[in-house]
Amino acid sequence: MRTLIALLGAALVAAALLSTPATPTARADDSVFGSRLYVDPGSDARRMADWFTAAGDTGRAALIERIASRPTAVWLGDWYSPALLDSVIRRHLQAAAAQGGTPVFVTYAIPDRDCGGFSAGGFTPDQYLDFTRRVAAALAGSRAVVLVEPDSLAMLASAKCAGVADTRLPLLRSAVDILGAAGLTAYLDGGNARWLTPDAQASYLRAAGVAGARGFFTNVSNFDATQTERDYAGKVSSRIGWKHFVIDVSRNGNGWTGDWCNPPGAALGQDPQITESPAVKLDALLWVKHPGASDGPCNGGPAAGAWFESGAEALVRGLAQPAAQVTR
């Protein structure tokens, strides 16, 4: 359905670290996200911005810089060999430590991933547990945050995922246990406000072991307005013991425009920021989906996860277009 992030690009992380825009600081020293979020110095957006700069195309460089300079999540999946997975994680942890930022990782390798959609794939059950153990071992001792398997729960209600839950739910419970044993902060898939009712989503989260996780994430690779998602997530949280949540705001600047796949009229959302405080359950607004990464071969885009230059530029330009003017 959506997000194989730039495949081997992350393995070629540049040595030079870029300076990051300030993000709001957390309210306490023991914050899950610390005081700032990690900016990937080797992202597709960073490479494209640097390429345009070197080519003298300052206009396009400035557009892509708007993406490249912001914190984004690091996606880990079955496109990495075990050795390369270790190397990628190590590079990001070193870069994050140099920045003083908290890295957010996404695991994306669950069996029957996307249930045959544009991002289909994943490991076998045994391979998946080995993969999760390897991720946990590589991240142990860090302050990394792990978002576990976007779409893994909310999609279970769809006809194309019939029969998948019996295998998937135990795997997710095991993943939560493995990551927790390594001292890592984990969030499970909370879908979005347009997929399932809060009651249905809460039921899946409980079955997947959310009691042992920090909480859940919503709107990953999707476009719902932040307040819509915050209202929905609050309802889900109230049904699972007031668990914490994070929201993907990477492309929701104009809200839902009627299509999930490289939709025309979409825009970057607000900058990623830490919102964690004793008074709220919303821990952070994140860019989980990488703006500029294609959702799949639709609306002029390439394969899922490949860099989509015109789509990236449209997201930045969309910031200047009031949501009321978007055709819905």
Side-chain angles (χ1 to χ4, degrees), residues 2-23 37-75 91-92 95 99 101 104 118-119 220-223 248-255 257 259-273 285-327:
R2 29 233 210 225
T3 326
L4 289 178
I5 298 295
L7 302 183
L8 297 182
L12 305 174
V13 174
L17 300 175
L18 57 104
S19 59
T20 66
T23 56
L37 298 168
Y38 163 62
V39 179
D40 180 1
S43 68
D44 282 348
R46 167 50 51 206
R47 288 193 293 274
M48 289 305 302
D50 291 347
W51 189 88
F52 284 129
T53 297
D57 192 339
T58 57
R60 299 178 82 181
L63 285 175
I64 304 305
E65 184 66 30
R66 180 65 178 78
I67 298 172
S69 60
R70 269 60 180 181
T72 50
V74 177
W75 290 66
R91 287 171 182 265
H92 283 292
Q99 292 178 12
V104 177
F118 288 149
S119 293
V220 166
S221 299
N222 229 291
F223 304 88
D248 184 356
V249 298
S250 57
R251 304 183 299 174
N252 72 345
N254 282 332
T257 62
D259 190 358
W260 65 266
C261 192
N262 301 322
L268 292 182
Q270 64 202 96
D271 284 355
Q273 57 192 273
L285 303 176
L286 303 174
W287 284 12
V288 182
K289 170 75 177 186
H290 290 197
S294 176
D295 293 314
C298 51
N299 285 318
W307 179 254
F308 183 17
E309 177 62 31
S310 62
E313 293 178 16
L315 288 171
V316 180
R317 291 193 177 99
L319 290 171
Q321 180 181 13
Q325 296 180 13
V326 175
T327 300

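Computed from heavy atoms alone, side chains included, the values below leave out hydrogens, waters and symmetry copies.
Side-chain contact check for His92 versus Asp40: some heavy-atom pair is nearer than 4.5 Å. When side chains are defined from C-beta on, Trp287 does not count as touching Pro71, because their heavy atoms never get closer than 4.5 Å. At a threshold of 4.5 Å between non-hydrogen side-chain atoms, the residues Tyr38 and Val74 count as touching. Within the 4.5 Å cutoff, the side chain of Ile64 has heavy atoms near those of the Phe52 side chain. Looking at Pro291 and Ile67, their side chains come closer than 4.5 Å, going by heavy atoms from C-beta outward. Using a 4.5 Å heavy-atom cutoff, the side chains of Phe118 and Asp295 are not in contact.
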What verdict does the side-chain hydrogen bond (donor to acceptor under 3.5 Å, both in side chains) test give for Asn299 and Asp259, after you've listed the backbone C-alpha separation in whole Å, the side-chain angles of each residue and the deciding distance to 0.1 Å? CA-CA 10 Å; Asn299 285 318; Asp259 190 358; 3.0 Å; yes

List the steps, then state whether salt bridge (Lys or Arg N to Asp or Glu O under 4.0 Å) holds for Asp50 with Arg47. CA-CA 5 Å; Asp50 291 347; Arg47 288 193 293 274; over 6 Å; no

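Ser250 places a side-chain N or O within 3.5 Å of a backbone atom of Lys289 that can act as its donor or acceptor partner. Side chain of Trp75 to main chain of Val288: a donor-acceptor pair is present (N/O by atom type, distance under 3.5 Å, no hydrogens or angles). Checked by atom type and distance alone, the side chain of Gln273 pairs as donor or acceptor with a backbone atom of Asp271 at under 3.5 Å. Put simply, the side chain of Gln99 gets close to the backbone of Val39: a donor and an acceptor are under 3.5 Å apart. Not a single donor-acceptor pair under 3.5 Å links the side chain of His290 to the backbone N or O of Thr72. In this structure a side-chain-to-backbone donor-acceptor pair under 3.5 Å is present from Arg251 to Ser221.
Between Ala293 and Gly305, the shortest heavy-atom contact is CB-O, 4.1 Å. The minimum heavy-atom distance between Arg46 and Ser69, with the atom names listed, is NH2-N, 4.1 Å. Closest of all the heavy-atom pairs between Asn252 and Val249 is OD1-O, 3.1 Å. Between Gly292 and Leu315 the shortest heavy-atom distance is N-CD1, 3.8 Å. Between Val220 and Asp248, the shortest heavy-atom contact is CA-OD2, 3.3 Å.
Note that CG of Leu319 and CD of Gln270 are 11.0 Å apart. Values are rounded to the nearest 0.5 Å. Here the CZ atom belonging to Arg70 is positioned 15.0 Å from the CG atom belonging to Leu286, to the nearest 0.5 angstrom.
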Side-chain atoms of residues 54-63: list all donor-acceptor pairs with protein atoms under 3.5 Å, sequence neighbours left out, distances to 0.1 Å.
unit_1 : atom_1 : unit_2 : atom_2 : d
Asp57  : OD1    : Arg60  : N      : 3.3
Arg60  : NE     : Glu313 : OE2    : 2.8
Arg60  : NH2    : Glu313 : OE2    : 2.9

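Under the rule for a side chain to side chain contact (heavy atoms under 4.5 Å, CB included), Ala314 has no partner lying at least two apart in sequence or in another chain. Taking Pro302 as the reference, Ser294, Ala306, Phe308 meet the side chain to side chain contact (heavy atoms under 4.5 Å, CB included) condition, with sequence neighbours excluded.
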